[in-house]
**Student:** 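Below you will find the structure I want to go over with you.
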Amino acid sequence: MNNPAYEHKMKWFARLGYGARGLIYTIVGGLSLLSAIGAGGDTVDSRGAIQKVLQQPLGNTMLVILVAGLLGYVGWRLIQAIKDTDKHGTSIKGFAVRGGLFISAATHAVLAYYATTLLFASGSSGGGSEAGKSFIASTPGQIFLMLAGLAVIGAGAAHIIKGFKARFEKYMEIPAKQTSWVRPLCQFGLIARGAVWLLIGWFMIRSALWAQSGDIAGMGEALDTLATSPYGTWLLGIAAAGLFAFGLYSFLEAAYRRINA
């Protein structure tokens, strides 16, 4: 039996979650873009973006809202994966997509936990970080890291395909008058995020196969690599603009995404 009150709350939390993701990516992309054009800024990852939120006026209040949004996004991703709200089915491809949704829920749950530790000024995260690095540096950890790297590359490729084919449109109710600018913006954002994820996945596999270290590269390291490569300023600028566009795409999902709770 449908529960209208539950559906309404879930839709509200899901949209808040898309907005939280949008805030993180606009900060990451915006700061990186400022760095690329020499106007200050820095290359940061998702955790760095959360730290920037805390440093703003009313930072604690903003962080509480961000945590609520991230938890709402986690709940929505789990519902998508388990209840198959977008009808991906039970084929190999369908299970792969739903598995990706579950992983997305897990990664954003980690971000929500990290934001919560900042909110309560917890100093206990260092030991867990060292324990995690020790595991990743072990043989089982290296196997896990390589498999995770392959999964990230697969997700990156899926983002690029989704962007090129504009597959996001079948899940969104975009007003006809806005399609002319919303479509290319979303495509650019998805393709750029996918390209950055390909780079992150490669770093993870390289670490597992050759470096055999416990360090896991993220968006910040990927953007730093672009910045120090030939034509680095241009590459960083394009990637940063794309990640900023992905943040705007997330805001658009908050507004127009069909949410079948």
Side-chain angles (χ1 to χ4, degrees), residues 21 24-25 27-29 31-32 35 42-51 70 73-74 77 81 92-93 95-115 117 125-163 189-230 232 235-236 238-240 242-243 246-247 250:
R21 188 182 70 176
I24 290 172
Y25 273 90
I27 292 174
V28 171
L31 289 175
S32 300
S35 177
D42 197 5
T43 51
V44 298
D45 57 9
S46 299
R47 293 190 177 196
I50 292 174
Q51 292 173 4
L70 288 171
Y73 189 72
V74 169
R77 282 305 203 207
I92 294 177
K93 179 182 177 181
F95 273 125
V97 173
R98 292 166 69 181
L101 293 171
F102 184 82
I103 293 173
S104 177
T107 56
H108 285 85
V110 171
L111 280 181
Y113 172 76
Y114 174 72
T117 61
S125 59
S129 176
E130 291 302 319
K133 286 186 177 183
S134 296
F135 167 73
I136 293 298
S138 67
T139 300
Q142 293 294 294
I143 294 173
F144 169 81
L145 187 59
M146 184 173 65
L147 293 175
L150 291 172
V152 170
I153 287 177
H159 271 68
I160 292 173
I161 294 171
K162 183 178 179 180
L190 283 165
I191 293 170
R193 191 196 193 201
V196 171
W197 277 28
L198 290 179
L199 194 55
I200 294 171
W202 165 243
F203 286 158
M204 295 169 73
I205 293 174
R206 186 182 65 180
S207 178
L209 293 179
W210 294 290
Q212 296 183 344
S213 69
D215 295 325
I216 301 179
M219 262 190 297
E221 290 82 356
L223 293 171
D224 284 339
T225 298
L226 290 177
T228 57
S229 64
L235 291 175
L236 177 61
I238 294 170
L243 292 176
F246 183 81
S250 297

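Below, each value reflects all heavy atoms present in this structure, side chains not excepted, and no hydrogens, waters or symmetry copies. Note that the numbering runs from 1 along the sequence shown for the chain.
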**Student:** How long is the span from the CG atom in L150 to the CH2 atom in W202, to the nearest 0.5 Å?
**Tutor:**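 The CG atom of L150 sits 11.0 Å away from the CH2 atom of W202.
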**Student:** V152 and W197: which non-hydrogen atoms are nearest, and at how many Å?
**Tutor:**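 Nearest heavy atoms, V152 then W197: CG1-O, 3.2 Å.
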**Student:** Of all the heavy-atom pairs spanning V110 and R47, show the shortest one and how long it is.
**Tutor:**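 Reported closest heavy-atom pair: CG1-NH2, 3.7 Å.
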**Student:** Is F246 close to L190 at the side-chain level, that is, under 4.5 Å between some pair of heavy atoms?
**Tutor:**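 The answer is yes; the side chains approach within 4.5 Å.
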**Student:** Between L235 and P230, what is the shortest heavy-atom contact and its length?
**Tutor:**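 That would be CD1-O, 3.5 Å.
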**Student:** Roughly how far, to the nearest 0.5 Å, is CG of L111 from CD1 of I24?
**Tutor:**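 Reported to 0.5 Å precision, the distance equals 5.5 Å.
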**Student:** Quick one: closest heavy-atom pair of V28 and A49, and the distance?
**Tutor:**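 Heavy atoms only, the tightest pair is CG2-CB, 3.8 Å.
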**Student:** Taking the side chain as C-beta and beyond, is there a heavy-atom pair between Q51 and I27 under 4.5 Å?
**Tutor:**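 Of all side-chain heavy-atom pairs linking I27 with Q51, none is under 4.5 Å.
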**Student:** So, taking the atom named CE in M204 and the one named CG in L147, what distance separates them when rounded to the nearest 0.5 Å?
**Tutor:**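 Answer for the CE-CG pair, M204 versus L147, is 9.5 Å.
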**Student:** Would you check if the side chain of S104 reaches a backbone N or O of G100 as a donor-acceptor pair within less than 3.5 Å?
**Tutor:**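 No; zero donor-acceptor contacts below 3.5 Å.
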**Student:** Given side chains that start at C-beta, do those of I191 and H159 come closer than 4.5 Å, heavy atoms only?
**Tutor:**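 I191 vs H159: side chains apart.
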**Student:** With a 4.5 Å heavy-atom cut-off, do L243 and S32 have their side chains touching?
**Tutor:**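 No, too far: nothing below the 4.5 Å cut-off.
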**Student:** Nearest heavy-atom pair of I153 and G201: which atoms, and what distance?
**Tutor:**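 Shortest heavy-atom contact: CG1-CA, 3.8 Å.
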**Student:** So, for S250 and R21, which heavy atoms are closest and what is the spacing to 0.1 Å?
**Tutor:**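 What the structure gives for the nearest pair is OG-NE, 2.9 Å.
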**Student:** Flag the pair R98 / F102 as yes when at least one side-chain heavy-atom distance between them is below 4.5 Å, and no otherwise.
**Tutor:**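 Not in contact.
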**Student:** Rounded to the nearest 0.5 Å, how far apart are CG of L223 and CG of L31?
**Tutor:**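 These two atoms lie 10.5 Å from each other.
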